[in-house]
Number of protein chains: 4
Amino acid sequence: MAKKKGQKFNQIIDAAVSVIAENGYHNSQVSKIAKKAGVADGTIYLYFKNKEDILVSLFEEKMGVFVQKSKERLAEQETIEDKLYTLIEMHLCQLEADHDLAIVTQLELRQSNIALRNEINEVLKAYYGLIDHIIDEGVEQGVFPHSLNKRVARQMTFGAIDEVVTNWVMKDMRYDLVELAHPLKEMIFHGLKQSKTG
Amino acid sequence: MAKKKGQKFNQIIDAAVSVIAENGYHNSQVSKIAKKAGVADGTIYLYFKNKEDILVSLFEEKMGVFVQKSKERLAEQETIEDKLYTLIEMHLCQLEADHDLAIVTQLELRQSNIALRNEINEVLKAYYGLIDHIIDEGVEQGVFPHSLNKRVARQMTFGAIDEVVTNWVMKDMRYDLVELAHPLKEMIFHGLKQSKTG
Amino acid sequence: MAKKKGQKFNQIIDAAVSVIAENGYHNSQVSKIAKKAGVADGTIYLYFKNKEDILVSLFEEKMGVFVQKSKERLAEQETIEDKLYTLIEMHLCQLEADHDLAIVTQLELRQSNIALRNEINEVLKAYYGLIDHIIDEGVEQGVFPHSLNKRVARQMTFGAIDEVVTNWVMKDMRYDLVELAHPLKEMIFHGLKQSKTG
Amino acid sequence: MAKKKGQKFNQIIDAAVSVIAENGYHNSQVSKIAKKAGVADGTIYLYFKNKEDILVSLFEEKMGVFVQKSKERLAEQETIEDKLYTLIEMHLCQLEADHDLAIVTQLELRQSNIALRNEINEVLKAYYGLIDHIIDEGVEQGVFPHSLNKRVARQMTFGAIDEVVTNWVMKDMRYDLVELAHPLKEMIFHGLKQSKTG
DNA sequence: GATGAATGAGGCTTCATTCAT
DNA sequence: GATGAATGAAGCCTCATTCAT
């Protein structure tokens, strides 16, 4: 069962996002996903190791595309501040544009057990890399202080954005998310900029 | 079945923290918790509505004590910066002091379904109140700008701290957590302080 | 799940013999056995580790009773020849008296995998012991030659009886089984008696 | 789908013996056998009706060759005793020479359901014929008594040999099997010879 | 209040077989 | 003849919860 990214692979991924967003992970039976994808139950297992693997693959797939697009857009930005803003805006934009995906990544994906959580973390590393790169550049250019604790900086950055998105999802996405990109950027950018050595 | 906070209530809460930290939420059967607590399975249901209620109650209990202590300590602080630092330090301190509790709150508690997540969020509101209070005071005193988006500010603050703790837990708590209170405070404080209107 | 030989334990054993004899092991769903036994599906698992364990326990139970009764009857016999005859007759008698049990032991029990087969063999050792005892006595008394290969003698004895019973079951138990005890005894007894050293 | 005994037919038979001996019947998926045989899954169904048919055909094939060879060798023997010895020795010899086949015939083949068991019995009839022929001749020549219950005699003979082989397989074939041909012949020959009328 | 034996719903996954190419 | 992707039926077992004692 090598990961054959055929047409059905994507059919199943898309069906999974839709079904899980609607029913929640624990109430999304494999048969339900298969039906929505228009394939037989057994076919799922030609493309995925097991039910959890659907979740991981789904996240890998979406994250892969997002990171790729982000890299391209980030390369076009001149300043650190613009890069940070761009990353945040793209993050919010993608999830605002796909409510189902937002529900899945912010709520359902986290109901998974530790083993799965670790796999998800592996996938996240590519995204962490984007943040790390901005921070590194900022320090090199003297925008951020040399004494900056980079690891904490990255965790803080990710945690802040993620929490804002999660709150938006839990409030049933009733307000505009992308317009929070500006205040988020402001706080994170100045937070990193002014940090003083301990 | 009013919440009878007898001796067994706490026995069961403590057993739950220990059992869930060791076995993970999905492998912590009610019977396992009962055995560890030294009571019969059925007795659990004299003190808790159902299995999820153990989790919520556990969180309520621990959070209640924490918020109470925090309020007292915060009242002793003079400046906004000190209050912020104190809150962060107490947060990190409490979880560093109780690894089992840290595992449960950062990892296991989140594997719960949406309904439970909402209940947990209710409990969190008391904690959010502490942050909100600091932010409000900061704005009143002119330490933070009037244009500050307070809701986003609170979400960002909580998200940053929470993500730092979660990373620490997922790295098997192999480094010192409390010493991250300083960089965290720095970044959050300056982030809130320098935010410019959009 | 200690083996609690309560009333339900036997209820389930008896239901299993009946259901398996009628439907075959692989078509005897646990739910079918539970229904016949008048208990809930889950109750089965309070008394048995898994489905296979029902089979092993069933065999242990029946074999235990049989070996016990046989020992008593064998002690009453004077000669080796009488002991041998008694054992064979009791063996055939028990199975002729319980057709369901005969089907289960001769056909269904053997469809099990190797792991289970080994467990069954363990149970059989008690029965092997009865044969060994007769052979040993026969050799001591000089009825059987000292040069007798005792292990092969026991295997041959068991194999001969077992094959006769299996054929009877596969012929739908359409003829009298117990009356074959005499020819079986004759052949086995003289076979052991006259064996010459190689 | 007439039995096309092409090259692939034998390739598949051999692969089946090897795969089943290694993995056990219930863990020998058609796809695994196909892979070992170097053909596609679907190809199996050009040569065999279904999975069970592989087993039956395998047994037919091996037994056919064995019976043929045995007939020839038996024809060369002068006495009944020699014939009996020859048959037993060939039986043991063949299985000692092919451990995989021994595992399959003594253990795995028996895990099949009743329907298959009946088909296997059909194949066995050719072998039973060899034993019957020796017994008939023995009675005609006066070596065995006229009162001999021939059917029981044959069952006993087969059961004895079969049980000895099965024990050898279950003991991981750790001792010499062929040398048991002599004691087996002794016991069976004398058993048949001295049987007295009931 | 405390017990713990009994309940029974519910779903992931395997794998023999088919059939369009 | 040969392929192998797709099918879909079918069942063991867990475990939160109850209730008679």
Side-chain angles (χ1 to χ4, degrees), chain A residues 1 4 6-9 11-12 26-35 37-54, chain B residues 1 4 6-9 26-35 37-54, chain C residues 1 4 6-9 11-12 26-35 37-54, chain D residues 1 4 6-9 26-35 37-54:
Chain A
M1 202 226 53
K4 304 157 207 155
Q7 186 204 344
K8 300 213 163 155
F9 179 85
Q11 256 171 260
I12 295 167
H26 288 302
N27 198 35
S28 292
Q29 294 78 355
V30 170
S31 61
K32 218 180 253 174
I33 296 172
K35 193 167 188 180
V39 300
D41 293 16
T43 305
I44 300 266
Y45 293 86
L46 295 177
Y47 294 90
F48 303 90
K49 215 166 50 250
N50 51 37
K51 190 184 173 187
E52 284 192 350
D53 190 38
I54 304 178
Chain B
M1 201 222 57
K4 301 157 207 156
Q7 184 204 350
K8 295 204 172 169
F9 179 85
H26 288 302
N27 201 32
S28 294
Q29 295 77 359
V30 170
S31 61
K32 215 180 257 174
I33 295 172
K35 191 167 188 179
V39 301
D41 294 15
T43 304
I44 299 267
Y45 292 86
L46 297 174
Y47 293 90
F48 301 90
K49 212 166 55 251
N50 51 34
K51 189 186 174 186
E52 286 192 349
D53 190 37
I54 304 178
Chain C
M1 202 224 54
K4 304 157 206 154
Q7 184 202 353
K8 299 215 164 155
F9 179 86
Q11 254 171 263
I12 295 167
H26 289 301
N27 200 35
S28 293
Q29 294 78 357
V30 171
S31 60
K32 216 179 257 176
I33 295 172
K35 193 168 189 180
V39 300
D41 292 16
T43 305
I44 300 267
Y45 294 87
L46 295 177
Y47 294 90
F48 302 90
K49 216 169 47 253
N50 50 37
K51 190 184 170 185
E52 282 192 351
D53 190 37
I54 304 178
Chain D
M1 202 221 59
K4 299 158 209 154
Q7 186 203 348
K8 297 203 169 167
F9 179 86
H26 288 302
N27 200 32
S28 294
Q29 295 78 359
V30 171
S31 61
K32 214 179 255 175
I33 294 172
K35 193 169 188 180
V39 301
D41 294 15
T43 304
I44 298 266
Y45 292 85
L46 297 173
Y47 293 89
F48 301 91
K49 212 163 59 248
N50 50 36
K51 189 186 175 185
E52 286 192 347
D53 190 35
I54 304 177

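Throughout, protein chains are lettered first and strands after them, A, B, ... in sequence-line order, and every chain is numbered starting at 1. The structure displayed is predicted, hence computed values, not measured ones.
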Completion exercise
When every non-hydrogen atom of B/Ile33 is compared with those of B/Ser28, the smallest separation belongs to CD1-O, 4.2 Å
Exercise for the section: Provide, to the nearest angstrom, the distance between the CD1 atom belonging to C/Ile33 and the C1' atom belonging to F/dC13. Expected result: 14 Å
Fill in the blank from the handout: Contacts of C/Lys32 meeting side-chain hydrogen bond (donor to acceptor under 3.5 Å, both in side chains) (sequence neighbours excluded), chain-then-number -> C/Gln29
Practice task
Please work out which of the three classes, parallel, tilted or perpendicular, describes the rings of A/Phe48 and A/Phe9, given edges at 30° and 60°.
Solution key: parallel
Handout entry: Over all atoms of both residues, closest heavy-atom pair of B/Asn50 and B/Tyr45
Key = CA-CE2, 3.9 Å
Handout entry: OP1 or OP2 of E/dA2 under 4.0 Å from side-chain N/O of B/Tyr47
Key = yes
Handout entry: Euclidean distance, atom CG of residue C/Asp53 to atom P of F/dC12 [Å, nearest integer]
Key = 14 Å
Exercise for the section: Counting Watson-Crick and G-U wobble pairs whose two distances are both under 3.5 Å, find the runs of 3 or more in a row that involve DNA chain E. Expected result: E:2-21 with F:2-21
Problem - Nearest-nucleotide pick for D/Leu46, side chain only, options being E/dT3, E/dT7, F/dG1 - result: F/dG1
Practice task
Classify every nucleotide of nucleotides 12-21 of chain E by which part a protein heavy atom approaches to under 4.0 Å, writing B for the base, S for the sugar-phosphate alone and - for neither, in 5'-to-3' order.
Solution key: SBBSSBB---
Exercise for the section: Working to the nearest 0.5 Å, report the span between CD1 of A/Ile12 and CD1 of A/Ile54. Expected result: 7.0 Å
Practice task
Take atom NZ of B/Lys32 and atom P of F/dT14, then tell me their distance rounded to the nearest Å.
Solution key: 12 Å
Practice task
Specify the separation, in whole Å, of atom CD of D/Gln7 and atom C1' of F/dG1.
Solution key: 13 Å
Exercise for the section: Select base, sugar-phosphate, or nothing to describe what B/Lys35 touches, counting heavy atoms under 4.0 Å on all strands. Expected result: nothing
Problem - Whole angstrom value for the distance that separates C1' of F/dC13 from CD1 of C/Ile54 - result: 11 Å
